[in-house]
*Asks:* 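This is the structure, below, for whatever I ask next.
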Amino acid sequence: MRIMQETPYRLRIEREGEMRVPGVVFASRALLPDPAADRSLGQVADVATLPGIVTASYAMPDMHWGYGFPIGGVAATDIAAGGVVSPGGVGFDISCGVRLLAAALDRDGLDPRTHQRLMDELGRTIPRGLGRRAVWPLAGRGQLEHVLAEGSRYAVEQGHGTPRDLARCEDHGAVAGADPASVSARAMERGLGQLGSLGSGNHFLEVQAVERVYDEPVAEAFGLRRDRVCVMIHCGSRGLGHQICTDHVHAMQPAMRRHGITVPDRQLACAPVESPEGRAYLAAMAAAANYGRANRQLLTEAARRAFAGTCGADLELVYDVSHNLAKIETHEVDGGSRRLCVHRKGATLAFPPGHPGLPPDLAGSGQPVLIPGTMGTASYVLAGVAGNPAFDSTCHGAGRLQSRHQAVRSVRGRELRDRLEAAGVAVRGASWRGLAEEAPAAYKDIDEVIAVAEGAGLCRKVARLVPLGVVKG
DNA sequence: ATGTCC
């Protein structure tokens, strides 16, 4: 593989073999994955072979090895030119994403005793870990179908939130085109008992405080100012999204044979967007996306109850983003306007100021971008910028450096908890092993990832948040 | 990520 450094923050993988376009990686040399342990650069090249891919196969500064596509991967296919959709380009955790809430409270208003009571209450009421516990136990299949079709809109309609919440959700809380009929009975079964639950892995609910503001007017428009207490929620579509991915990867095998599509990796299973299999996946994916969004809405309700019961502060929604999704969007390609299927896997949509997809009160700010760090480290709020070189996309997190297995070998969960508590971060975990798997040492340096994302022109910094307590999935 | 294997 021939890799050229184009700018300090941009590398190019030259087109060769079956690649239809080059690879473009937004990273400093220091952030590049170790090729001995992580095959993600090869995955960027593999994605470049997909039918219909345009411009380049991109990777964000937090890139690492994933299922088929790299995590941190962005790929757009031209629908009219037979462009494909690939479940591996979205990931197993469909619509995994982040929501940020701002409390009507500053950090000096949270005395140590109230802080502990708040964390205890969150620890008691936020369902997490493997299995089926939920804030909203659905009445049955009919109610779940409403969630799949209407996402957070249905949750709010049913009293789990306010109309103001929807104004600060991507797509007003629901992806269009969701079809519950494309969702298998097994996926429905898995989804019934998990709505309003964090899950496990890197998912969390964190109480944070704004430590630094880089752009006062934009922070103000987002509802943020220095020292404000916030809540960040990171979760996805649980077993339902996972099952949908599994079902449709299998369903695409005959479509690939029928269309004569060959891919360098079985995990890149795909089908033309304009094929029965492609359409069925997108309809089921949209349903999972709506489930993921409703999931964050229900966890918001639980967090609001915990705040109301302990410190009395309201929580106002700053924004909600999905960072695992494929969307049909129109972009300029080679001087023409094309309908594209844009895959973002571990990558965040970042519209520039003035984009019609923004809420009117944020039109001048650009789209809020929410990027969590790791336990005990900072998180960032950023904004979309004009001239984004990757279909209005940016990174989604710190990016894993060590495998879960490596992380568990290098630190004990109890030890990590004690270290975080000593540093003033209250910890309410689900399992010791899960905690060790998410050790900060297993991730890249979030400050460096953000510096590269900004340096590469993907987004710009608005505020830096630091953790006060974490409820870990 | 995930009832970490149907």
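In the text below, chain A, chain B and the rest are named by the order of the sequence lines, each starting its count at 1. The analysis underlying the following values was restricted to heavy atoms, covering all of them including side chains, and did not include hydrogens, waters or symmetry mates.
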*Asks:* Over how many whole Å does the gap from A/Arg404 atom CZ to B/dT4 atom C1' extend?
*Replies:*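 Value for this atom pair: 10 Å.
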
*Asks:* Does A/Val263 form a side chain to side chain contact (heavy atoms under 4.5 Å, CB included) with A/Ile261? I'd like the steps, not just the answer.
*Replies:* CA-CA 7 Å; A/Val263 288; A/Ile261 296 170; 4.2 Å; yes

*Asks:* Determine whether the aromatic ring centres of residues A/His396 and A/His234 are separated by less than 6.0 angstrom.
*Replies:*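 Not under 6.0 Å, so no.
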
*Asks:* Grab the CD-C1' distance between A/Gln243 and B/dC5 for me, whole Å please.
*Replies:*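 Taking CD of A/Gln243 and C1' of B/dC5, I get 13 Å after rounding.
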
*Asks:* CD1 of A/Ile244 versus P of B/dT2: gap in Å, rounded?
*Replies:* 14 Å

*Asks:* Round to a whole Å and report the spacing from CZ of A/Arg186 to P of B/dC5.
*Replies:*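 Distance, rounded to whole Å: 13 Å.
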
*Asks:* Under 4.0 Å between any heavy atoms, over every strand shown, what does A/Gly201 touch: base, sugar-phosphate, or nothing? Just pick one.
*Replies:*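 Since only primed, P, OP1 and OP2 atoms lie under 4.0 Å of A/Gly201, the category is sugar-phosphate.
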
*Asks:* Round to the nearest Å and state the distance from A/His250 atom NE2 to B/dC5 atom C1'.
*Replies:* 12 Å

*Asks:* Between A/Asp392 and A/Lys327, is the closest basic N to carboxylate O distance under 4.0 Å?
*Replies:* no

*Asks:* Under 4.0 Å, heavy atoms only, any strand: does A/Gly239 hit a base, just the sugar-phosphate, or nothing?
*Replies:*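 Contact class for A/Gly239: sugar-phosphate only.
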
*Asks:* Does B/dT2 have OP1 or OP2 under 4.0 Å away from a side-chain N or O of A/Arg238?
*Replies:*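 Result: yes.
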
*Asks:* Is the CZ atom of A/Arg409 crowded by more than 12 outside heavy atoms at less than 6.0 Å?
*Replies:*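 Enclosed.
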
*Asks:* Tell me: OH of A/Tyr291 to C1' of B/dT2, nearest whole Å?
*Replies:* 13 Å

*Asks:* Once you round it to whole Å, what is the distance between P of B/dC5 and CZ of A/Phe92?
*Replies:*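 Answer to the nearest Å: 11 Å.
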
*Asks:* When you measure from the side-chain N and O atoms of A/Ser200 to the phosphate of B/dT2, is any distance below 4.0 Å, counting only OP1 and OP2?
*Replies:*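 Yes, A/Ser200 has a side-chain N/O under 4.0 Å of OP1/OP2 on B/dT2.
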
*Asks:* In this structure, how many angstroms lie between the C1' atom of B/dT2 and the CD atom of A/Gln267, rounded?
*Replies:* 15 Å

*Asks:* Would you indicate what A/Gln194 reaches in the nucleic acid, counting non-hydrogen atoms under 4.0 angstrom: base, sugar-phosphate, or nothing?
*Replies:* sugar-phosphate

